[in-house]
Amino acid sequence: MMAAGERTIHRKAKDYRWEGVEELPYKEDDRALFKSITRQVLFCDPELQSELRYFEMAAGGFSSLERHQHMHAVLILRGRGHCLVGDEVRPVETRDLVTVPAMTWHQFRATRGEPLGFLCMVNAARDKPQLPSAEDLAKLKADATIAAFLRNEPT
Ligand code: MN
């Protein structure tokens, strides 16, 4: 995969891009529901055993609702939005840190007015995300705040 390992410095470019770093589709997996989101792999050297990616969703965009064995360490770098982690919906904004533990449902949503961009650190070797079953969704939606979040209503 194209990443920032082949030269020492990749200078910042316009709009949260970096020179020589490709902007990629969010996922190859078409099963997942997501909207208006791009991915850049900033660091993926095998020596690191981890990857640092930058994801950005346009205003009103969202990442897929998923869980997996690997965890995420997230630094919000741009804009604001809300995230669901486990059974909590929280507003997030630039420079907030979000920890997503193993096997915890999570999703990020940009506000309607501005994009939401974040750095996300993960293990290089990691399991595939699981998507919620109808039963999982029903359980999540039993919480009114989570239900409103999933309907993309401002909270
Ligand atoms: Mn994830």
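On a predicted model such as this, the values are computed, not experimentally measured, just so you know. Counting starts at 1 for both ligands and their atoms, following the listed order.
Counting backbone and side-chain atoms alike, Cys120 contributes no N/O/S atom closer than 2.8 Å to the Mn ion (ligand 1). Counting backbone and side-chain atoms alike, His70 contributes no N/O/S atom closer than 2.8 Å to the Mn ion (ligand 1).
Using cut-offs of 30° and 60° on the angle between ring planes, the pair Phe55 and Tyr26 is perpendicular.
When the shell of 6.0 Å around CE of Met71 is examined, it contains more than 12 heavy atoms from other residues, nucleotides or ligands.
For the atom pair Thr104 OG1 and Arg67 CZ, the distance stands at 9.0 Å (nearest 0.5 Å). Leu75 contributes atom CG, which lies 9.0 Å from atom OG1 of Thr94 (distance to the nearest 0.5 angstrom).
Rounded to 10°, the angle formed at the Mn ion (ligand 1) by Glu66 OE2 and His68 NE2 is 100°.
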